[in-house]
Amino acid sequence: MKGVEYKGLSSVDGPIIVVKRHENIFYNEIVYVRDRFGEKKTGRVIDLNNDTAIVQIFGSTTGLDLNESTVEFLEVPMELRVGEGLLGRIFNGLGEPIDGLPPIVSSKKIDVNGMPINPFARVYPRDFIQTGISSIDGMNTLIRGQKLPIFSGNGLPHNKLAAQIIRQAKILNSDEQFVMVFAGMGIKYDQAQFFVKSFEESGVLSKVVMFQSLADAPSIERIITPRCALTAAEYLAYEKNMHVLVVMTDMTNYCEALREISTTRGEVPGRKGYPGYLYSNLAELYERAGKIKGATGSITQIPILSMPNDDISHPIPDLTGYITEGQIVLDRELSQKGVYPPVSGLPSLSRLMKDGIGAGMTREDHAAVSAQLFAAYSKVKSIRNLAAIIGEEELGAEDKMYMKFGDALESQFFTQGEYENRSIEETLDLGWKLLKLLPENELYRIKPELIAKYMPK
């Protein structure tokens with residue numbers, strides 16, 4: 001009961017405390033735990049059984065005494081206060097202001113746990129989002145309401161790419177503007193400052209809500225951070241009718257926090273020690289993106305995860321790929337060649353691309369150019385593997401032509417500046433310029449009338 005404190009704890013193990021179960025306690029309820037000196041620590045109920053309640057503390061449990069500590073159950077879940085002043089603010093992982101400004105003045109508070117969108121209520125995403133990045137717009141198109149993760153590796157420029165997408169994303173032929181929600185989980189201080197500085201310099205900070213759980217924050221905070229961010233996004237999208245782009249980095253740190261807490265609780269581990277409910281836990285977050293019938297706003301999600309050892313079959317990218325609608329994969333070999341952004345041409349995929357491109361949306365030749373670039377680049381990869389065995393000088397004339405095409409594709413189409421914002425027309429025209437390096441009989445995925453209309457003379 002709120003206002004009633006129960007004395008004594010059953011056990012303390014890291015951030016987990018076990019207390020005697022009392023009436024009317026519910027899952028995810030917020031709890032205040034006070035030590036013998038009255039210092040308050042906040043936690044939430046993460047498990048219940050017949051006799052005990054398991055509480056996870058947001059922070060350190062140092063100083064808690066089994067006999068003298070008290071517990072107060074607040075009868076509410078964790079909530080985020082939302083209101084008109086949300087945009088342009090910076091919060092910690094629990095939704096508390098850390099930008100030196102006062103808390104949001106509003107009477108409205110929303111449960112951060114949220115709910116995945118009911119499939120029946122969803123509207124199929126079809127609106128093309130121009131990011132200004134050719135390797136995404138041209139070959140792995142982002143659609144409004146989509147969840148499209150970035151699979152990266154340690155040391156690759158995924159943060160740069162995310163900041164560039166946030167600066168440049170827009171809807172074609174529309175005055176509707178994006179607002180951004182950024183969630184940083186377990187990121188270093190310099191990474192957090194990079195995003196703040198980048199948004200300030202480009203003038204988009206006033207349209208961004210930032211939630212930062214730094215690397216030195218308690219691991220439990222990383223569990224709450226994406227939920228706070230998505231709650232803010234849902235408020236802006238479905239109550240304020242805004243189009244919201246949510247970037248969450250790094251989901252690997254989120255999953256590591258889940259594993260740490262699961263181990264502390266003594267749960268039976270699954271693949272590589274991650275809990276068996278990792279899939280459903282990630283789905284709870286990813287499925288909060290989309291468009292809803294009757295609502296003007298939308299939520300588009302770009303989760304970023306760094307693959308341990310660049311292993312795309314690792315449980316985190318593997319399960320993420322099952323839930324989301326494609327992936328943007330960053331390639332270490334391209335990065336070492338100096339390509340930015342190092343988006344890998346073949347493993348990257350956007351499953352909703354086919355429904356958001358073409359005449360009236362981007363351009364009539366978009367699908368054909370994209371398919372032909374994929375096919376040609378796939379052949380380039382095969383020829384490069386052959387050249388590694390027999391030597392490039394032993395290749396035939398056609399194979400050498402494809403090698404030349406592959407180098408040009410990587411150095412011109414995939415490579416662009418961090419602040420270079422290409423329109424979809426520029427991207428497609430560049431694709432045609434590169435396809436001109438191949439003989440016309442090799443362009444078997446493009447109709448002759450499109451070749452006659454768009455191929456440079």
Leu94 and Glu221: CA distance, side-chain angles, deciding distance, side-chain contact (heavy atoms from CB on, under 4.5 Å) verdict: CA-CA 6 Å; Leu94 301 178; Glu221 191 174 295; 3.9 Å; yes

Does the pair Arg384/Glu410 count as a salt bridge with the N-to-O cut at 4.0 Å? yes

Is any NZ, NE, NH1 or NH2 atom of the basic residue among Glu287 and Lys147 found under 4.0 Å from an Asp or Glu carboxylate oxygen of the other? yes

Testing the basics here: between Asn140 and Leu148, what is the closest heavy-atom pair and its distance to 0.1 Å? O-CD2, 4.0 Å

Quiz: residues 436-452 side-chain donor-acceptor pairs under 3.5 angstrom, not counting sequence neighbours:
{"from": "Lys436", "atom 1": "NZ", "to": "Pro456", "atom 2": "O", "distance (Å)": "3.0"}
{"from": "Glu442", "atom 1": "OE1", "to": "Tyr402", "atom 2": "OH", "distance (Å)": "2.5"}

With sequence neighbours excluded, tell me which residues meet side chain to side chain donor-acceptor pair (under 3.5 Å) with Arg44. Asn28

How far apart are the C-alpha atoms of Ile98 and Gln212, what are their side-chain angles, what is the distance that settles it, and do they pass the side-chain contact (heavy atoms from CB on, under 4.5 Å) test? CA-CA 9 Å; Ile98 56 172; Gln212 298 178 359; 4.1 Å; yes

Got Val244 and Tyr238 here, is their nearest side-chain heavy-atom distance under 4.5 Å? no

Salt-bridge contact Lys337-Asp331 (side-chain N to carboxylate O under 4.0 Å): no

Please find the pair of heavy atoms, one from Arg89 and one from Pro102, that lie closest to each other, and give the distance. NH2-O, 2.8 Å

Do Val369 and Gln372 come close enough that some side-chain heavy atom pair is under 4.5 Å? no

Close side-chain approach of Ser348 to Val329, heavy-atom, < 4.5 Å: yes

Asp310/Arg332 salt bridge by N-O under 4.0 Å criterion: yes

Hey, is CD on Glu425 packed in by over 12 heavy atoms from elsewhere, all under 6.0 Å? yes

Let me see the working for Asp365 and Lys453 under salt bridge (charged side-chain N to carboxylate O under 4.0 Å, His left out), right down to the final yes or no. CA-CA 10 Å; Asp365 58 322; Lys453 184 176 179 180; over 6 Å; no

Report yes or no: is the cationic atom of Lys160 (NZ for Lys, CZ for Arg) under 6.0 Å from the centre of the six-membered ring of Tyr340, at an angle within 45° of the ring normal? yes

Val339 and Phe413: CA distance, side-chain angles, deciding distance, side-chain contact (heavy atoms from CB on, under 4.5 Å) verdict: CA-CA 10 Å; Val339 174; Phe413 192 86; over 6 Å; no

CG of Asn309: more than 12 outside heavy atoms within 6.0 angstrom? no

Taking the side chain as C-beta and beyond, is there a heavy-atom pair between Ser134 and Gln416 under 4.5 Å? yes

Hey, is CZ on Phe26 packed in by over 12 heavy atoms from elsewhere, all under 6.0 Å? yes

If you compare all heavy atoms of Ile104 against all heavy atoms of Arg81, which two are closest, and at what distance to 0.1 Å? O-CD, 3.2 Å

Heavy-atom pair of closest approach, residues Met361 and Arg126: SD-O, 3.9 Å

Test item: side-chain donor near acceptor, Tyr274 and Glu256, under 3.5 Å: yes

For Lys354, look at atom NZ and say whether over 12 heavy atoms of other residues, nucleotides or ligands are found less than 6.0 Å away. yes

Is the count of non-hydrogen atoms from other residues, nucleotides or ligands lying under 6.0 Å from Gln412 atom CD greater than 12? yes

Distance-minimising heavy-atom pair for Cys228 and Gly95: SG-N, 4.1 Å

Do you see a donor-acceptor pair shorter than 3.5 Å between the side chains of Asn113 and Asp111? yes

salt_bridge(Glu398, Lys379) N-O dist < 4.0 Å: yes

The residue among Phe91, Phe182, Phe195 that forms ring pair (Phe, Tyr, Trp, His ring centres under 6.0 Å) with Phe211 is Phe91

Neighbour count above 12 (heavy atom, 6.0 Å) for Tyr189 OH: no

What pair of heavy atoms forms the shortest contact from Leu236 to Leu87, and how long is it? CD1-CD2, 4.0 Å

side-chain contact (heavy atoms from CB on, under 4.5 Å) between Ile110 and Lys108, worked out: CA-CA 7 Å; Ile110 305 177; Lys108 188 172 185 63; 4.2 Å; yes

Does a donor on one side chain sit under 3.5 Å from an acceptor on the other, for Tyr254 and Asn281? yes

Any side-chain donor paired with an acceptor under 3.5 Å for Arg351 and Thr324? no

Taking everything shown except Lys170 itself, do over 12 heavy atoms lie less than 6.0 Å from its NZ? no

So for atom NZ, which belongs to Lys381, do other residues, nucleotides or ligands contribute more than 12 heavy atoms lying within a distance under 6.0 Å? yes

I'd like to check Arg422 versus Asp137 (side-chain heavy atoms, cut-off strictly below 4.5 Å). Are they in contact? no

